[in-house]
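Here is the naming used below: chain letters follow the sequence lines, and residue numbers restart at 1 for every chain.
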There are 2 protein chains.
Amino acid sequence: MLSNACKYAIRSVLYLAIHSDATAKIGVKTIAQELETPQPFLAKLLQQLTRDTLVSSTKGPNGGFYLDDNNKQNTVWDVIKSIDGTKKFDTCFLGLSKCNNNNPCPVHFIVVPFKESILSNFRDKTILEYSDEIKNTQQVLSLKDLNLLDGAAPK
Amino acid sequence: MLSNACKYAIRSVLYLAIHSDATAKIGVKTIAQELETPQPFLAKLLQQLTRDTLVSSTKGPNGGFYLDDNNKQNTVWDVIKSIDGTKKFDTCFLGLSKCNNNNPCPVHFIVVPFKESILSNFRDKTILEYSDEIKNTQQVLSLKDLNLLDGAAPK
DNA sequence: ACAGAAAAAGATATTTTTATCTTTAATAGG
DNA sequence: CCTATTAAAGATAAAAATATCTTTTTCTGT
């Protein structure tokens, strides 16, 4: 559904939304460590996101990546479009080229509500709203420091 | 979620369930044409499915692939396990290694019900039951002959 | 001005997925 | 028994995704 690249990108943007601002930029190295992603690969992704003005950056000492207020008005869906494009999301679960309500594949009516639900989750909230929600509901972007058993309570 | 290979495989097995039996075998060429998949690639997949006794085959004139009664007692989930393994299905939508109910990623609680629902669809019905359902509800495995507009009714 | 830090850019490498090609083995029908 | 047909097996190829490396540019603090 989403490429690894895109998963890294989404988590990075949300991570930056929560932990960075114009006065507290974060370098790739740190982000990669925190999110447990390959560092040079992530650098490329951040480069791409910066090109598309989904992320801000400055070079030089104390430079790094961050989200400004404008960046935070974008959505996770914008990130997906920047990295994966929309095709991957739109394709039929069983690979039928023209699967639709009138010519449904065997799982069409299971997949469609899910897709609608997750699409609206990605598309109808700004990064700002999204990251606030993450904070308020104790959701997780990295499991670096969590070394919990399956049944354990969150820290 | 599923590789192309796996999508081809699932559709092939269901196609064979509907259109073949021990007295009416079908060659790769036909299957590939009907399902619009690359022929030699599909041949490899059918070979693999045959090795795992999910599909039957005989060589020589009038040979080809088919499902016998035993084959039809397997499930779509068995096909997935044969081609993709289970990992692809089990991984977190945003790539977190240990995402779970206690440490949920931001979309965990949207994804989990969907996964459960589609997993039970794949795991709790035999291929026989599955293919009967396809026939009864006019679902589609190929769109080869359908050249319909989005809004058109099924043939 | 200079040195160091960090991203940008471009080139390269590796791995996985997808796809094809060639040869061999089995089978049925004449 | 011979030939045509078809899957099996193995080798190879192409494309895409993932990952890394090297050089350049930009910026900051001194």
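- Looking at I26(B) and Y15(B), their side chains come closer than 4.5 Å, going by heavy atoms from C-beta outward.
- Remark: K87(B) does not engage D90(B) in a salt bridge, criterion side-chain N to carboxylate O under 4.0 Å.
- Residues F89(B) and W77(B) place their aromatic rings such that the two centres sit under 6.0 Å apart.
- Using a 4.5 Å heavy-atom threshold, the side chains of I83(B) and Q48(B) count as touching.
- Atom C1' of nucleotide dA7(C) and atom CG of L49(A) are separated by 14 Å, given to the nearest angstrom.
- DNA chain D is contacted by I26(B), G27(B), V28(B) of residues 19-29 of chain B, taking any non-hydrogen atom closer than 4.0 Å.
- In this structure, the side chains of T37(B) and R11(B) come closer than 4.5 Å at one or more pairs of heavy atoms.
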Can you tabulate the close N/O pairs, meaning under 3.5 Å, that link protein atoms to atoms of nucleotides 12-19 of chain D?
from, atom 1, to, atom 2, distance (Å)
dT18(D), OP1, N4(A), N, 3.3
dT18(D), OP1, N4(A), ND2, 3.4
dA19(D), OP2, Y8(A), OH, 3.2

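- No donor-acceptor pair under 3.5 Å is formed between the side chain of S131(B) and the backbone N or O of I18(B).
- One finds no side-chain N or O of T58(A) lying less than 4.0 angstrom from the OP1 or OP2 phosphate oxygen of dA7(C).
- Look at N62(B) and you won't find any side-chain N or O under 4.0 angstrom from OP1 or OP2 of dT6(D).
- Although no hydrogens or angles enter the test, the distance criterion places no donor-acceptor pair under 3.5 Å between the side chain of D52(A) and the main chain of L54(A).
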